[in-house]
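Quick notes on the structure that follows.
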Amino acid sequence: MDTRLLRSFVAVAEEGSLTRAAERLFVSQPALTRQVRQLETLLGAVLFTRSRAGMALTEPGRALARRVPSLLADWDGMLRETKGAASRAERVLRVGFLASAANESTPGIIAEFARRRPGWRVEMRQAAWSNPSAGLADGDVDAALLRLPFPGQGALRVAELLEEPRWVALPSGHPLAAREGLSFHELWDEPFVAAPPDTGPWRDYWLAADERGGRPVRIGAVTDQPDDWLSAIANGYGVALAPESAARFYARPGVAYRPVSGVSPSRVAVAWAPVDDGNPVVRDFVDCCREAVAGPR
């Protein structure tokens with residue numbers, strides 16, 4: 001049994017709505033519908049009755065809803081305890097990240113952590129954009145350097161570190177690439193390179209779907225990795241919003257980066273699980289993140 005199916009079931013049961021549950025899980029509504037149907041097929045039982053009023057639990061659904069929260073809590077605790085023990089035995093702190101992590105501050109964070117924790121090392125694990133929590137939500141890492149917002153953010157501890165403007169990445173031969181800067185409304189009719197649909201609101205954030213004055217988004221390509229993303233832009237399939245730092249970390253022939261006004265900035269944070277509030281190694285890493293970004297006193 002894939003525990004993601006059970007987590008999806010809990011969200012729908014608690015929200016009573018596929019739309020609200022999809023927003024809570026940062027997935028698309030069609031993807032969530034497929035997960036519910038998959039779970040019903042696996043269990044051989046109808047878990048919800050569907051109507052215009054929403055999603056109501058059936059008797060089998062109510063029976064499952066009584067047991068699943070404690071089952072998931074035990075499962076998550078077991079995973080974190082086992083993986084945490086392995087990390088402590090190896091003296092390794094597993095840190096998930098997306099793209100450029102904390103930008104130029106990342107090497108300083110790791111160096112300061114090594115100074116504080118002699119004999120320990122940081123193992124950086126890059127995640128695909130289809131995993132916006134970089135493995136933290138699944139317990140695969142001890143901490144993560146992430147872009148806000150991300151799925152499951154409300155269930156985790158988050159310390160915002162910095163923010164930076166969102167720029168646009170576009171083919172270097174695009175007419176707008178000759179400009180020094182752009183207004184976001186000038187990009188509304190452009191095709192965009194997007195994250196996978198299953199990432200839901202994460203995808204919408206990087207399309208700035210709520211900042212388009214109601215204009216629909218045109219999708220030119222869908223990618224899940226930085227290299228594929230860059231190739232799609234260079235080959236003219238679309239443009240994309242990106243952090244300002246992408247111009248430094250993901251420079252390549254065929255792709256131009258330009259400042260964009262009229263769109264909100266991107267925020268970088270360090271995140272960890274509440275169960276690790278008392279973990280001195282994780283706390284040291286979080287402190288290193290905060291101090292590296294703050295700079296010398």
Side-chain angles (χ1 to χ4, degrees), residues 3 7 26 72-164 202 225-227 243-246 248-250 265-297:
T3 57
R7 295 182 203 282
F26 281 68
L72 288 175
D74 288 345
W75 176 257
D76 290 343
M78 180 274 292
L79 281 182
R80 290 193 182 279
E81 186 174 343
T82 302
K83 292 177 180 179
S87 294
R88 289 191 296 273
E90 298 174 1
R91 298 172 75 82
V92 172
L93 183 75
R94 305 159 301 157
V95 177
F97 73 99
L98 297 174
S100 55
N103 301 343
E104 286 84 356
S105 298
T106 305
I109 292 169
I110 296 172
E112 177 59 19
F113 179 82
R115 187 192 68 78
R116 292 190 186 200
R117 289 280 170 178
W120 281 74
R121 66 182 177 87
V122 174
E123 182 180 282
M124 299 293 290
R125 297 184 178 183
Q126 185 171 16
W129 290 329
S130 57
N131 183 8
S133 76
L136 186 61
D138 298 323
D140 292 331
V141 296
D142 305 300
L145 293 165
L146 304 169
R147 296 277 170 176
L148 304 181
F150 65 88
Q153 182 175 325
L156 299 167
R157 304 289 194 235
V158 175
E160 188 171 335
L161 301 176
L162 58 93
E163 67 175 35
E164 58 179 317
W202 164 263
Q225 300 285 349
D227 285 346
E244 177 188 10
S245 56
R248 303 188 297 275
F249 287 93
Y250 291 98
S266 172
R267 296 172 293 147
V268 177
V270 59
W272 67 99
V275 70
D276 284 324
D277 281 346
N279 183 328
V281 179
V282 171
R283 295 305 308 173
D284 275 353
F285 181 78
V286 172
D287 289 343
C288 290
C289 291
R290 286 173 164 148
E291 291 173 13
V293 171
R297 297 176 181 176

Can you give each donor-acceptor pair under 3.5 Å made by side-chain atoms of residues 107-117, sequence neighbours left out, with the distance rounded to 0.1 Å?
from, atom 1, to, atom 2, distance (Å)
Glu112, OE1, Arg115, NE, 3.0
Glu112, OE2, Arg115, NE, 3.2
Glu112, OE2, Arg115, NH2, 2.6
Glu112, OE2, Arg116, NE, 3.2
Arg116, NH2, Glu291, OE1, 2.6
Arg116, NH2, Glu291, OE2, 2.8
Arg117, NE, Asp284, OD2, 2.8
Arg117, NH2, Asp284, OD2, 3.2

- Roughly how far, to the nearest 0.5 Å, is the OG1 atom of Thr106 from the CZ atom of Phe249? 6.5 Å
- Could you grab the distance from atom CZ of Arg147 to atom OG of Ser100, nearest 0.5 Å is fine? 5.0 Å
- Taking atom CG of Leu98 and atom CD of Gln126, what is their separation to the nearest 0.5 Å? 8.0 Å
- What's the shortest heavy-atom distance between Cys289 and Val270, and which atoms? SG-CG2, 3.9 Å
- Task: First locate atom CD of Gln225, then atom CH2 of Trp129, and finally report the distance between them rounded to the nearest 0.5 Å.
- Result: 8.0 Å
- Message: Is it the case that the side chain of Arg125 and the backbone of Ala144 share a donor-acceptor pair, with hydrogens and angles ignored and the cut-off at 3.5 Å?
- Response: no
- Go through the steps for Leu161 and Leu145 under the test side-chain contact (heavy atoms from CB on, under 4.5 Å), then give the verdict. CA-CA 9 Å; Leu161 301 176; Leu145 293 165; 3.9 Å; yes
- Specify the closest pair of heavy atoms between Trp202 and Pro149, including all atoms of both residues, with the distance to one decimal. CE3-O, 3.3 Å
- Under 3.5 Å, is there a donor-acceptor pair between the side chain of Arg94 and the main chain of Asp140? yes
- Heavy-atom closest contact (Pro118 atom, Arg91 atom, distance): O-NH2, 3.0 Å
- Message: Under the criterion side-chain contact (heavy atoms from CB on, under 4.5 Å), I'd like the reasoning laid out for Phe150 against Val158: C-alpha separation, chi angles, the key distance, then a yes or no.
- Response: CA-CA 10 Å; Phe150 65 88; Val158 175; 4.0 Å; yes
- Straight-line distance of Leu136 CG to Gln153 CD, nearest 0.5 Å: 11.0 Å
- Check whether any side-chain N or O of Asn103 sits under 3.5 Å from a backbone N or O of Ser105 as a donor-acceptor pair, and report yes or no. no
- Message: Please find the pair of heavy atoms, one from Val268 and one from Ala102, that lie closest to each other, and give the distance.
- Response: CG1-CA, 4.2 Å
- Query: Looking only at heavy atoms, what is the nearest atom pair of Thr3 and Trp75, with distance?
  - Reply: CG2-NE1, 3.5 Å
- Query: Rounded to the nearest 0.5 Å, what separation is found between the CD atom of Glu164 and the CD atom of Glu244?
  - Reply: 6.0 Å
- Query: Would Val141 and Phe97 count as a side-chain contact (heavy atoms from CB on, under 4.5 Å) if you check the C-alpha gap in whole Å, the side-chain angles of each, and the deciding distance to 0.1 Å?
  - Reply: CA-CA 10 Å; Val141 296; Phe97 73 99; over 6 Å; no
- Applying salt bridge (Lys or Arg N to Asp or Glu O under 4.0 Å), name anything that partners Arg248, two or more places apart in sequence or on another chain. Glu104
